[in-house]
Amino acid sequence: MESKAFRFACWIIIIFLIIYLGSLVNFIFRPIAVLFQTLFAPIVIALIIYYLLRPFVNILSKKIHRGVSILIVFLVLIGLLTSAVLYIGPIIQNQIMSFVNNIPRYANMVQEFFEGLQEQPAFQNVLDSMDFSLENISNTLSENLQGYLESAVDSIGSFIGAVANFVIVVVIIPFVLFYMLKEGNKAPMMVINQFPAREQEEGKRVLSDLDNALSSYIQGQLLVSACVGVLCLIWYLILGLDYALILALVALFTNVIPFIGPWIGTAPAVVVALFDSPFTALLVIGGVVIIQQIESNVFSPQIMGRQLAVHPLTIIFVLLVASQLAGFIGILLAVPTYAVGKVIVQHTYRLIRIRMRSTPKKV
């Protein structure tokens with residue numbers, strides 16, 4: 001036991017020494033970091049689309065050549081996206097223009113609300129104790145407005161750079177996606193062939209479990225989010241809520257974030273409903289609560305199943321840590337990354353146990 005503990009401590013010291021020495025030669029690892037940052041976004045996006053399109057490509061490739069089936073799926077996808085833009089685009093544009101035109105009215109309503117609130121004696125006592133008033137806020141905003149404008153001008157260059165990077169990513173993704181769909185089945189075998197012959201079956205099992213974990217999460221989560229978005233759209237239309245389509249799209253996209261995403265997506269709808277009446281806002285909240293119960297008890301179990309087998313409390317902790325490490329991107333990738341890591345750790349632990357049992361004990 002002492003020998004094992006000593007060796008373990010030595011390995012820990014060696015690992016930390018390697019990390020320290022690596023930090024001293026940052027110029028060597030900097031190009032690697034830039035390469036990773038450049039390729040990360042297109043690969044992740046292409047991987048998500050890959051898992052969405054792979055089932056259709058696999059079905060078509062049973063009848064026709066795989067390359068042709070990929071092109072057919074691409075053409076169908078482009079047709080669907082074009083139809084969606086042509087049909088939904090004008091509606092979204094009209095709702096955005098309506099919102100922009102109503103901004104002065106909303107600002108007046110907010111100002112009237114605060115002015116009425118200030119007339120309440122209890123609230124006025126709180127404001128006096130905090131040295132808080134709308135005039136102070138207006139003065140502060142006016143003083144800082146120039147700084148905000150200067151920052152916005154300075155960030156124009158960064159914005160142009162971000163747009164250029166976005167265009168490059170959009171152009172690269174179809175090519176990456178094509179080769180992933182065409183030769184994606186060959187990549188696992190290339191990895192497995194690097195294993196010793198006696199461990200190749202175990203390698204296939206590990207890669208299969210990783211593939212199932214990723215595909216079940218990505219396909220299931222996006223399908224569940226689409227169902228939630230449709231239900232939210234129906235509920236907002238029933239309530240006659242302004243900008244129903246935009247608010248439903250916000251709910252759809254934010255629902256991919258576990259636990260906190262649905263409530264982030266609900267917040268804009270509640271704010272818009274408050275301009276109508278507090279009762280409408282309560283109806284929005286009540287409807288979203290019911291939709292989330294349907295999603296948790298009907299959609300998720302039926303669509304996603306229990307393949308990830310991750311406890312809800314574990315997901316919360318993972319999201320908290322990921323948000324501190326990588327912000328919004330970390331929140332999006334936290335659960336699938338944890339699921340993949342869990343599969344790797346489980347198989348590694350099982351392999352170690354098997355080897356320990358198969359190793360003959362010294363007499």
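This structure is a prediction, so every number in the text was calculated from the model and none was measured.
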Side-chain heavy-atom pair L241, D276 within 4.5 angstrom cut-off: no

Do Y87 and T82 have side-chain heavy atoms sitting under 4.5 Å apart? no

What heavy-atom pair brings V284 and A273 nearest, and what distance separates the two atoms? CG2-CB, 3.8 Å

What are the two closest heavy atoms between Q95 and L245, and how far apart are they? OE1-N, 3.5 Å

Quick check on the hydrophobic clustering: are I72 and L81 connected, directly or via other members, by side-chain heavy-atom contacts under 4.5 Å? yes

Take atom CZ in F74; do more than 12 heavy atoms of anything else shown fall under 6.0 Å from it? yes

Are M97 and V272 connected, step by step, through hydrophobic side chains (Ile, Leu, Val, Met, Phe, Trp, Tyr) whose heavy atoms are closer than 4.5 Å? no

For a quick test of reading the model, state the closest non-hydrogen atom pair linking A244 to L237 and the distance between them. CB-CD2, 3.8 Å

Please examine the side chains of L71 and F178, heavy atoms only from C-beta on, and report whether any two atoms are closer than 4.5 Å. yes

Hydrophobic clusters here meaning ILVMFWY residues chained together by side-chain heavy-atom distances under 4.5 Å, can you tell me if I59 and V68 are in one? no

For the residue pair P268 and V250, what are the closest heavy atoms and their distance? CG-CG1, 4.2 Å

Hey, is the main chain of L181 close enough, under 3.5 Å, to the side chain of R66 for a donor-acceptor pair? yes

Is it the case that the side chain of S98 and the backbone of N94 share a donor-acceptor pair, with hydrogens and angles ignored and the cut-off at 3.5 Å? no

State, to 0.1 Å, how close L252 and A226 come at their nearest heavy-atom pair, and which atoms those are. CD1-CA, 3.9 Å

4.5 Å side-chain heavy-atom contact, L177 and I70: no

Check: I291 and C232 side chains under 4.5 Å, non-hydrogen atoms: yes

Evaluate the criterion side chain to side chain contact (heavy atoms under 4.5 Å, CB included) for residue pair Y50 and V57; output intermediate values, then yes/no. CA-CA 10 Å; Y50 165 77; V57 173; over 6 Å; no

Exam field: side chain N255 to backbone A251, donor-acceptor pair closer than 3.5 Å: no

Can you see which heavy atom on V256 is nearest to which on Q221, and at what distance? CA-NE2, 3.7 Å

Taking the side chain from W235 and the backbone from L283, do they hold a donor-acceptor pair closer than 3.5 Å? yes

